[in-house]
Amino acid sequence: MKTRKGFKAYPLTVAQKFHEYYANVSPGKEILNVGTSLTIEFELDLDELRKAVYKAYERCESMRARLVYDKKEKEWYQYIVEKEEREIEYVDFTGKTMDEAEAVMTEWTRIPFDEEDAPMNRVVIIKTPDGFEGMFIAGDHRFLDAQSLIGFMKDVIELYCSANFEGIPYPSDMCSYTEQVEKDLAYEAGSKAQARDREYFRKLIEESEPIYNGIEGPGKLEEARNLTGNPNLRAASTGSDSFAAAIDIFHLEEEPTRRLMDFCNQQHISLQCLLIMGIRTYLQKINQCDDVSMQVAYARRATLKEKKSGGTRIHCFPFRTIIPEDKTFLDGIFEIRDKQNAVFRYVNYNPAEYLNYRNQFYHPPRGMGYETVSLTYQPATLREKGLTDLGGIRYKTKRYCNGYYSDGLYLTVMHRAEDNGLDFSFEHQVKAYSREQLEYFYYYICKIMFKGTETPNLKIGDIMKLV
């Protein structure tokens, strides 16, 4: 085992190397950054909040991670330091506008982290112009995903509240990050589970070639066919020639969100299944094609140890469904549910190996692919047991764009901290999609989901006509 400064050093996992892959072709390393703020409508004791942040660092190994580069192997390694002793800044935005404050936090999100032997995240205690107080966190995506970010923020709040309010219990322990890294590395070292997963996905790939469906119809596919002179081509450009990116967010209110969640609970399906059904039905309608593929992110946090270990554990895989129009909306959802349940068993597999094998098998032209959109649904929320005891205190969260994105379109659906409604957050290359195009896409995804949940036994073809 390698060591660095007396600490064990581990290779990066497949989930971490995925981020390395696109960072190496990006114009700037800030493409790896994730930036978020969490603020509370409450006057906080700043010294106590600092103590809570330091304590949360102490409890979460992945937030104390460092990188070191092995020049001989040309590989990055990671290790965990014992303690975080760096200063936690305080910035008061009082007197500025909210737009000005958010512009500053966007700039913070666009500062790349010094990679070798340096912290891979930054926490700033903030007071926003509307009087809310809390923190801003920027982190390197190789050590932070949506669930671990929520877990860290929640831990800070619970630690603060436990120390400062009567009757608020001390939060349960976090779990070991390095233990999960060791398990992932053991899997990747030629395990039987890896061989089983490889066989599953290769069979899936070999069944038949998927086809590209655009969010504005088959125009891009027709363009690719004309460009290559191949009228049977099934791939098209999924992005643009520029990595410059923006995030456009559309808000679904609390009451309609509750209606969707109630339907999911009644039918014993996840909201992710309903979101996939909404997206694929729109693509089916606009492209007049029953064969629809999209990228779906899997958090790989099935166990409590995985949920509370921090770090980044997301693997993304293409998810393909061929659902004819004469099936009912509910039948379509159940088909998605069953296929998702099958895929979940194999998602430790290396997504890069999946894509490389598919490219070798079907030989799509360079720079072309089959999936027009990637989807992440993040069910974890700050409004969970432990924070509900704090009464009607209002929370706000906000995502900030790092300025770059490696592909055309990534949709993240998350629950808002303040009311548990849904935020549809479209991260996109600005040259590939406009806000107006994405608003249209969002509108029809929602329209299909509501029409389908209200009349689940209606045929998909009839729903497409009605919306």
Side-chain angles (χ1 to χ4, degrees), residues 36-41 132 145-147 149-151 153-154 157 215 247-283 294 296-299 301 307 329-330 332-334 336-337 340 373-399 409-428 435 438-456 458 463 466-467:
T36 302
S37 63
L38 164 68
T39 52
I40 303 171
E41 192 179 31
F132 281 57
D145 61 22
Q147 190 151 326
L149 179 62
I150 288 170
M153 292 191 298
K154 190 166 179 283
I157 296 169
I215 72 166
I247 294 176
D248 284 303
I249 303 173
F250 304 101
H251 307 287
L252 187 64
E253 293 80 5
E254 182 180 10
E255 191 278 327
T257 297
R258 191 183 300 115
R259 278 190 277 144
L260 296 180
M261 299 303 293
D262 287 346
F263 174 83
C264 292
N265 290 332
Q266 288 160 13
Q267 300 297 338
H268 306 290
I269 58 158
S270 69
L271 184 62
Q272 179 162 299
C273 291
L274 181 57
L275 289 164
I276 292 171
M277 187 64 186
I279 293 167
R280 74 154 320 281
T281 303
Y282 172 71
L283 293 174
M294 69 186 78
V296 175
Y298 300 95
R301 294 188 188 271
K307 283 183 173 74
F329 188 84
L330 193 58
I333 286 181
F334 287 157
I336 289 167
R337 178 199 62 191
Q340 284 278 287
V373 61
S374 297
L375 170 69
T376 291
Y377 167 57
Q378 179 47 256
T381 170
L382 286 161
R383 286 183 170 269
E384 289 176 351
K385 191 175 179 183
L387 294 185
T388 51
D389 299 331
L390 299 180
I393 297 175
R394 290 166 63 207
Y395 304 86
K396 287 184 184 179
T397 57
K398 173 80 177 178
R399 281 184 70 198
L409 183 59
Y410 196 136
L411 169 59
T412 300
V413 181
M414 296 181 74
H415 292 273
R416 279 189 303 281
E418 54 264 43
D419 65 1
N420 225 34
L422 288 173
D423 276 350
F424 287 70
S425 178
F426 290 90
E427 187 171 11
H428 61 99
R435 180 181 172 88
L438 298 175
E439 188 169 19
Y440 187 86
F441 187 31
Y442 160 75
Y443 172 77
Y444 273 98
I445 294 169
C446 289
K447 204 168 181 187
I448 287 164
M449 288 195 299
F450 284 111
K451 181 57 71 175
T453 54
E454 288 159 12
T455 54
L458 209 57
I463 286 173
L466 288 169
V467 299

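Here the structure is a predicted model, which is why all the values come from computation and not from measurement.
- Nearest heavy atoms, Gln147 versus Lys307: NE2-CG, 3.6 Å.
- For the atom pair Gln266 CD and Met261 CE, the distance stands at 12.0 Å (nearest 0.5 Å).
- The side-chain contact (heavy atoms from CB on, under 4.5 Å) search around Asp423 returns Ile249, His251, Arg416, not counting sequence neighbours.
- One finds the CD1 atom of Ile333 at 11.0 Å from the CZ atom of Arg280 (value rounded to the nearest 0.5 Å).
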Q) After noting the C-alpha distance and the side-chain angles of Leu274 and Phe329, does the key distance pass the side-chain contact (heavy atoms from CB on, under 4.5 Å) rule? A) CA-CA 10 Å; Leu274 181 57; Phe329 188 84; 4.0 Å; yes
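- Using a 4.5 Å heavy-atom threshold, the side chains of Glu427 and Thr412 count as separate.
- In this structure, CG on Leu422 lies 7.5 Å from CE on Met449, to the nearest 0.5 angstrom.
- The salt bridge (charged side-chain N to carboxylate O under 4.0 Å, His left out) search around Glu439 returns none, not counting sequence neighbours.
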Q) After noting the C-alpha distance and the side-chain angles of Ile279 and Leu411, does the key distance pass the side-chain contact (heavy atoms from CB on, under 4.5 Å) rule? A) CA-CA 10 Å; Ile279 293 167; Leu411 169 59; 4.0 Å; yes
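- Taking the side chain to side chain donor-acceptor pair (under 3.5 Å) definition, one finds that Thr376 meets it with Tyr410, sequence neighbours left out.
- In terms of modelled atom types and a separation under 3.5 Å, the side chain of Thr455 and the main chain of Gly452 share no donor-acceptor contact.
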Q: Tell me, with the steps shown, if Phe441 and Phe424 meet side-chain contact (heavy atoms from CB on, under 4.5 Å).
A: CA-CA 11 Å; Phe441 187 31; Phe424 287 70; over 6 Å; no
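- Residues forming a side-chain contact (heavy atoms from CB on, under 4.5 Å) with Gln267 (at least two apart in sequence, or on another chain): Phe263, Ile269, Leu330, Phe334.
- Sorted by first and then second residue, the salt bridge (charged side-chain N to carboxylate O under 4.0 Å, His left out) pairs involving residues 444-456 (not counting sequence neighbours) are Arg259-Glu454.
- The backbone N or O of Asn420 lies less than 3.5 Å from a partner atom in the side chain of His415, making a donor-acceptor pair.
- The two residues Phe250 and Arg435 have their closest heavy-atom pair at CE2-NH2, 3.5 Å.
- Scanning both residues, Cys446 and Leu252, for their nearest heavy atoms gives SG-CD1, 4.5 Å.
- One distance of note links CD1 of Ile276 with CD1 of Ile336; it measures 6.0 Å at 0.5 Å rounding.
- Here the options are Val373, Leu438, Ile247, the test is side-chain contact (heavy atoms from CB on, under 4.5 Å), and the partner is Phe426; only Leu438 passes.
- The main-chain N or O of Leu38 is never found under 3.5 Å from a side-chain atom of Tyr395 such that the two would form a donor-acceptor pair.
- Contact record, Gln272 with Ala297: OE1-O, 4.1 Å, taken as the closest heavy-atom pair.
- In this structure, CE in Met414 is found 3.5 Å from CD1 in Ile150, a value given to the nearest 0.5 Å.
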Q: Run the numbers on Asp145 and Arg301 for side-chain contact (heavy atoms from CB on, under 4.5 Å), then give the verdict.
A: CA-CA 11 Å; Asp145 61 22; Arg301 294 188 188 271; 3.0 Å; yes
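- For Arg337, there are no side chain to side chain donor-acceptor pair (under 3.5 Å) partners, not counting sequence neighbours.
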